[in-house]
Amino acid sequence: MIEQLLAEKTREALQWLYGASVSTISFEKTNPDFSGDFTLVVFNFLKISKKKPEDTASEIGNYLKTNVVEIAEFNVVKGFLNLVIADSYWLNFFASIKGKSLIYSQVPANAPVVMVEYSSPNTNKPLHLGHVRNNLLGFSVAEILKSAGNKVIKTNIVNDRGIHICKSMLAWQKWGNGETPDSTGIKGDHLVGKYYVLFDKHYKSEVLNLKLEGFSEEDAEKNAPLMLEIKDMLLKWEQGDKEVRELWKKMNGWVYKGFEVSYKMMGVDFDKTYYESNTYLLGKNIIDNGLASGVLKRREDNSVFIDLTADGLDEKTLLRSDGTSLYMTQDLGTALQRYEEEHFDKLIFTVANEQDYHFKVLSLILNKLGYHWAKGLHHLSYGMVELPEGKMKSREGTVVDADDLMEDMINTAAATTKELGKVENLTEEEAAHLYKTIGMGALKYFLLKVDPKKKMLFNPAESIDFNGNTAPFIMFNYVRVQAMLSKATEAGIYNESDMVSEKINLLPKEKELIIKLFSFTPTLLQAANEYSPALIANYVYDLAKEFSQYYHDTPVLKEENMELKTFRLHLSKTIGVAIKTSMKLLGIEVPERM
RNA sequence: GAUCCCAUAGCUCAGCUGGAUAGAGCAACGGUUUUCUAAACCGUAGGCCUUUGGUUCGAAUCCAAAUGGGAUCACCA
């Protein structure tokens, strides 16, 4: 590409002018306040040139101008060498991408295998806003990696067992009166969640009573009758007690039905679903091997641990004294299982940053145990979504429910659309689809435009915006393009196969837009490298914003010069493709009209 | 107590691989529509980039410390 060429030639220039060889040379985009496309900062070369910054820049500029045909002119400001690339270069580039897909539509045969795990819900409560961030992030990262040429396997591990699951079960058994999703009309995951909250309420009051009787907090929590019952239930589950298992299957079934609806609404899916009830016993053979090799040690009470104090961490227990396994043990086991199944090059865990420590330890242990593939593990750690009053807690009911929020967004989209009078000529079905596209798009973009690692604040009192740096704005610009194209096609002045003239004088904005298209691929690759949909979100917003300005100032259909009109139509079309493609990387659909 | 993450306009965020006068959106104020969709466009106002030191020709950006906020450090998941 042009930047490599410039770097190459600059290296030559330095060799020719000053007899020095410099290995790394990089150009940057010229600051908009100055004229030029690429800028070379020459301060680094003053030691070799032994000349003033201005002179050094001029000399290099002169060399480049005579040796690189693509450079139309250059200017020097202090130590900055600004190069202006000829319009013909940009037009050629534009002609080369016009009408083409900007991403890998087919994964190369020898592509790296990347497993992306995300979602990982518990089956004791419905999804909330934090889960939505997780789901959208995981899905988008998977799309980005796919488009950047990886073979991606999306996986979900469902936490379908354990003491927290028993809580909903026990509460339903005690106080449910046989309620079902059908009998109540409540979505299955919400119904189960209701009993999870109910359990906690009763349990808390039991603990409080015991404390009033003089128990310590710890003893009260341990000895509350409900806690004893729960432990008993978990034991029965583990022993395969028929009644408990039946109840478990029934209630999980309700939850899965509910999740299916939420997943569908979010537009996420999975290639493989694992269930913790099938995998929670994995990992023990790893422990045996670790003990044999001496990496793991056994305590006197028979529990097994690894000493990580030399790495600045703690001793981590991997097997209880009764021989049963722990969260970490399971995760070691599932990681190995996945490697054996898929031989992944990378395994990405989309999990909130409260588990940073866990994943650090997980990788470290696997490395110490000598699994070479452990280097491919990556914790895609994202910040929590917080409310103005702090962290969301399902047990206490202080959550923004995913289903409610999605419904709200779609309703707002519907109201706004109607208010703007944009529903004429739409069937009811089309209108409903449009509201969903806009509402869900706004939500997705809102969550994805922020750097994943940063925690984010959601204020339910201020609903998510539909103006400005939002998905509806980006969609709107896509829709404008489509409107223009269909008019032009009808009028017979637009064909996909039209040639674009190379002799056009580009407007500054047109050049900017082409350069923006030019940076699509580097942006995609960077996003794939950093697992950051936010980079794509920012890119597509910039593109849409620049197009919006261009659209406002520049006639397209009304342009009388045919060559210009054709060029502008194709430029608009290509920008539309870039918008649609970028949004798809975010898991956002764009409407054809709105 | 230890470790990790974060700190940029009133609010929500870009800017990270050191570069020229730190950018958007929202909110506020003013303007633009007989002209390709105004969910738009243009303008005004808004900044000790938390603080202090260091590295450098050059620091919002790199390093160190302090302050403030968050998370984690279970034989819970």
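Note on naming: letters A, B, ... go to the chains in the order of the sequence lines (proteins, then strands), and numbering restarts at 1 for each one.
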Quantified in whole Å, what is the [atom1] atom distance between nucleotide [N] and nucleotide [M]?
N	M	atom1	answer
rG23(B)	rG46(B)	P	14 Å
rU52(B)	rA14(B)	C1'	27 Å
rG53(B)	rA59(B)	P	14 Å
rG15(B)	rA24(B)	P	15 Å

G-U wobble or Watson-Crick pairing nucleotide for [N] (cut-off 3.5 Å, both distances):
N	answer
rC11(B)	rG25(B)
rG18(B)	none
rU35(B)	none
rC48(B)	none
rC4(B)	rG70(B)

For the aromatic rings, using the six-membered ring if either is Trp, is the centroid distance between [X] and [Y] under 6.0 Å?
X	Y	result
Y275(A)	W248(A)	no
F473(A)	Y541(A)	yes
H378(A)	F359(A)	no

request  = For V556(A) and for T30(A), locate the closest nucleotide of RNA chain B by heavy-atom distance; then report the residue assigned to the nucleotide nearer the 5' terminus.
outcome  = T30(A)
Any base atoms under 4.0 Å from [X], or only sugar-phosphate, or nothing? Heavy atoms, all strands.
X	result
S26(A)	nothing
T554(A)	base
P555(A)	base
N44(A)	base
L420(A)	base
Y541(A)	sugar-phosphate
D451(A)	base
N82(A)	base
M475(A)	nothing
Y357(A)	sugar-phosphate

With centres under 5.5 Å and planes under 30° as the test, does [X] stack with [N]?
X	N	value
F473(A)	rA39(B)	no
Y551(A)	rA40(B)	no
F80(A)	rA20(B)	yes

key: Basic-acidic side-chain contact under 4.0 Å: K509(A), E512(A)   = yes
request  = Flag the pair E559(A) and R568(A) as a salt bridge only when some basic side-chain nitrogen lies within less than 4.0 angstrom of an acidic carboxylate oxygen.
outcome  = yes
Please determine if a side-chain N or O atom of [X] lies less than 4.0 Å away from the OP1 or OP2 oxygen of [N].
X	N	answer
S548(A)	rA40(B)	no
N31(A)	rU21(B)	no
K422(A)	rA39(B)	yes
R320(A)	rA74(B)	no
K360(A)	rU3(B)	no
Q549(A)	rC42(B)	yes
R480(A)	rA38(B)	yes
K449(A)	rG25(B)	no

inquiry  = Does any part of the side chain of K29(A), heavy atoms only, come nearer than 4.5 Å to the side chain of T39(A), both counted from C-beta?
reply    = no
task = Carefully, step by step, assess E592(A) and K580(A) under the rule salt bridge (charged side-chain N to carboxylate O under 4.0 Å, His left out).
result = CA-CA 10 Å; E592(A) 294 301 309; K580(A) 187 173 185 171; 3.7 Å; yes
